Protein chains: 2
Amino acid sequence: MKITIKDVARISGVSVGTVSKVINGKPVSEKIRSKVIETIHELNYKPNQHARSLITNKSYTIGLIVTNITNPFFGEIVSHIKEDLEQKGYNLLLGISRDQSSEEKVTIENFVSRHVDGLIIVPTRDGEHELEHIYKLRQQKIPFVFITSQYLGIRADCVMSDFTKGSYQLTSHLLDNENKEIYFLTDSKELLLSSKRIDGYRMAYMERGITYKENWIIETLPNFESAYKTTEGIINNQIPDAIMTINDVMAMGVIKCLKDNGIKVPEDVSVAGYDDLLFSSMFDPPLTTVKQPIEEMCKETVDILIKRLQGYDKEFNVHLYPSELIIRESTK
Amino acid sequence: MKITIKDVARISGVSVGTVSKVINGKPVSEKIRSKVIETIHELNYKPNQHARSLITNKSYTIGLIVTNITNPFFGEIVSHIKEDLEQKGYNLLLGISRDQSSEEKVTIENFVSRHVDGLIIVPTRDGEHELEHIYKLRQQKIPFVFITSQYLGIRADCVMSDFTKGSYQLTSHLLDNENKEIYFLTDSKELLLSSKRIDGYRMAYMERGITYKENWIIETLPNFESAYKTTEGIINNQIPDAIMTINDVMAMGVIKCLKDNGIKVPEDVSVAGYDDLLFSSMFDPPLTTVKQPIEEMCKETVDILIKRLQGYDKEFNVHLYPSELIIRESTK
DNA sequence: CAACAAAAATGAAACGTTTCATTTTTGGTC
DNA sequence: GACCAAAAATGAAACGTTTCATTTTTGTTG
């Protein structure tokens with residue numbers, strides 16, 4: 001038998017409305033409050049969230065959509081966001097987009113019909129071209145914030161790290177340590193997360209008056225195998241001083257390929273990644289990389305979202321976090 | 001302005017009850033069905049899930065509690081379970097226990113008040129001693145199934161791999177390839193996931209009539225750093241033929257320590273892990289390990305849970321999956 | 001202790017569905 | 001076309017809360 005608010009009211013000898021007030025922390029005389037709280041414990045009463053949500057139109061649930069949870073980088077994001085949300089009394093409904101806009105769309109629609117109060121979204125690779133479902137979100141006044149990257153087609157809150165600066169620092173470090181000819185393996189140049197980093201790469205070269213070739217910048221899929229194959233292609237032609245990638249898993253692919261071909265890292269070729277995964281420090285050699293302040297970024301993301309939920313409706317902002325150059329042993 | 005079932009009814013010119021039938025796929029004349037569906041699309045009507053859940057007492061939401069989502073092994077589990085659940089029309093509320101029974105308890109209570117239909121739980125390390133909240137779940141008739149491991153204190157559905165056999169196979173492989181003195185780094189021996197594997201380890205030795213020393217089996221925390229430190233302790237005394245661990249991250253810690261001390265893997269010491277993480281094949285050297293059929297296990301877990309949700313109440317079972325020995329280059 | 005304002009408590013409506021007992025429609029048969 | 005059973009549609013109650021207009025209690029003042 002389910003215990004409802006009516007039972008609590010009856011046994012406490014007060015009205016249903018009064019019990020509701022106690023539950024929601026509204027003013028009630030101290031005598032009655034303690035009496036009600038006592039019976040709540042006694043009966044082990046838990047309010048039915050569906051009934052509450054039906055009236056208040058709040059679910060105290062946030063939808064988080066990540067592209068791929070198998071990558072520990074996103075695992076960390078989920079972990080931190082979950083923790084921050086929990087601390088604020090919100091639950092976390094998880095969505096996985098597999099980096100496809102179509103799945104992002106379906107997930108969002110589902111979440112909306114599930115009445116999430118807000119959304120945190122890691123943008124997909126191909127999402128820029130199909131933003132209808134995001135516009136609809138805005139139109140329905142459901143707050144959302146992007147983390148890690150953003151869609152340029154819509155003004156929105158966004159928390160990301162300063163890719164340009166991170167890339168600039170990394171490239172500078174390489175150039176200043178006798179790596180003049182640096183290949184750069186990126187994702188599609190159309191994507192913000194590529195283009196911003198390419199900007200940083202170029203800046204470092206220009207600032208030093210060193211020339212680079214545009215064909216050193218190579219588009220490829222951002223995974224281990226593609227990085228491996230692309231590296232094979234590069235070393236067939238010539239051995240560069242260094243190879244940079246846009247994430248650590250790619251850097252691992254590069255290193256594996258070099259090793260398999262008898263090329264030493266970092267003696268023959270320096271290799272650098274991006275993200276600073278847990279595994280990157282365990283790798284052989286430990287990876288030089290750029291660390292994004294994920295924990296802080298997640299915290300801010302949640303803070304912004306909660307503020308929006310509370311009605312804050314000032315202009316949308318992009319929050320850029322500085323990232324940190326981590327120098328380990330994969331670069332000379 | 002929110003579109004409700006009343007609007008659909010009014011515009012379609014039918015009663016609310018009829019629209020409800022259409023939505024829930026109950027028998028309705030074809031003419032009316034198509035008319036109603038048309039207006040549903042026209043108005044872009046989405047049923048309010050809270051109102052539905054309030055009556056049906058179903059939320060079409062499953063709570064999944066993992067110990068730590070930063071480990072890609074669990075990332076994969078979450079990913080697969082999410083996919084299977086989605087396919088069956090269920091949503092996934094995520095919980096993280098940080099391997100602590102107390103947090104598991106809080107999460108479960110929260111999920112219950114959120115009316116999850118069922119739960120999938122990865123047991124914590126210290127959960128065996130405090131099972132009250134699990135008993136309560138049973139008492140409230142909320143179905144749950146364990147994955148990866150189980151609590152012995154309660155009969156329940158459980159999907160796990162055959163650790164004994166996996167360990168046996170791995171140990172056998174080592175013994176049959178000139179590794180006679182095998183150290184085994186495990187988690188607390190009290191834990192099922194340790195004790196089962198130790199059984200397999202011993203079986204392999206006994207079967208071959210080879211003697212091992214009980215002090216080769218060493219308890220430690222199941223992470224990189226602890227494995228590293230423990231390995232330092234071992235090699236200070238003597239260099240064994242091989243070191244086995246209960247997960248791949250630990251094996252990586254062992255290898256790192258050996259390398260740092262100028263000991264070659266596998267030439268001087270063989271090292272083997274367990275889990276076959278994505279990174280294990282990329283590691284240097286690529287890890288010999290045991291792969292659990294995660295994908296199938298997740299599928300079965302979801303299947304069992306759904307069956308329970310549908311009222312199946314036959315005896316609880318432990319489903320043991322065979323695991324696969326993956327021989328790579330970290331063992332001779 | 002009467003009068004009154006302020007504070008506290010009440011109880012019914014409302015939220016948006018599903019369910020089910022009741023009514024209406026359909027279509028087959030004589 | 002009258003009759004009837006079966007099929008379809010209806011409409012009101014119910015789910016467990018919150019909200020808010022109304023009533024009751026409390027406490028202060030002259």
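Here is how names work: the chains are called A, B, and so on, in the same order as the sequence lines, proteins then strands, and each is numbered from 1. Note that the coordinates shown come from a computational prediction; the quantities given were computed from them, not determined experimentally.
- With dA8(C), dC15(C), dT18(C) as the candidates, the nucleotide lying closest to the side chain of S29(A) is dA8(C).
- Looking at heavy-atom distances under 4.0 Å, N57(A) makes no contact with the nucleic acid at all.
- Side chain of T4(B), nearest nucleotide from dT17(C), dC15(C), dA9(D): dT17(C).
- One N or O on the side chain of S59(A) and one on the backbone of H115(A) form a donor-acceptor pair closer than 3.5 Å.
- Looking at K88(B) and D303(B), a side-chain N of the basic residue comes within less than 4.0 Å of a carboxylate O on the acidic one, giving a salt bridge.
- Contacts with DNA chain D (heavy atom under 4.0 Å) in residues 12-23 of chain B: V14(B), S15(B), G17(B), T18(B), K21(B), listed by number.
- Closest to the side chain of Y45(B), from the set dC15(C), dT17(C), dT17(D), is dT17(C).
- Between H50(B) and H50(A), the angle of the ring planes lies from 30° to 60°, which puts this pair in the tilted group.
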| field | Derivation and outcome, side chain to side chain contact (heavy atoms under 4.5 Å, CB included), residues I81(B) and I147(B) | value | CA-CA 11 Å; I81(B) 287 186; I147(B) 183 167; 4.3 Å; yes
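- Here the side chain of K2(A) is nearest to one of dT18(D), dG16(C), dG16(D), namely dG16(D).
- The closest side-chain donor-acceptor pair between H133(A) and E109(A), if any, does not fall under 3.5 angstrom.
- Candidate nucleotides dG16(D), dT19(C), dA9(D) were compared by shortest atom distance to the side chain of K26(B), and dT19(C) ranks first.
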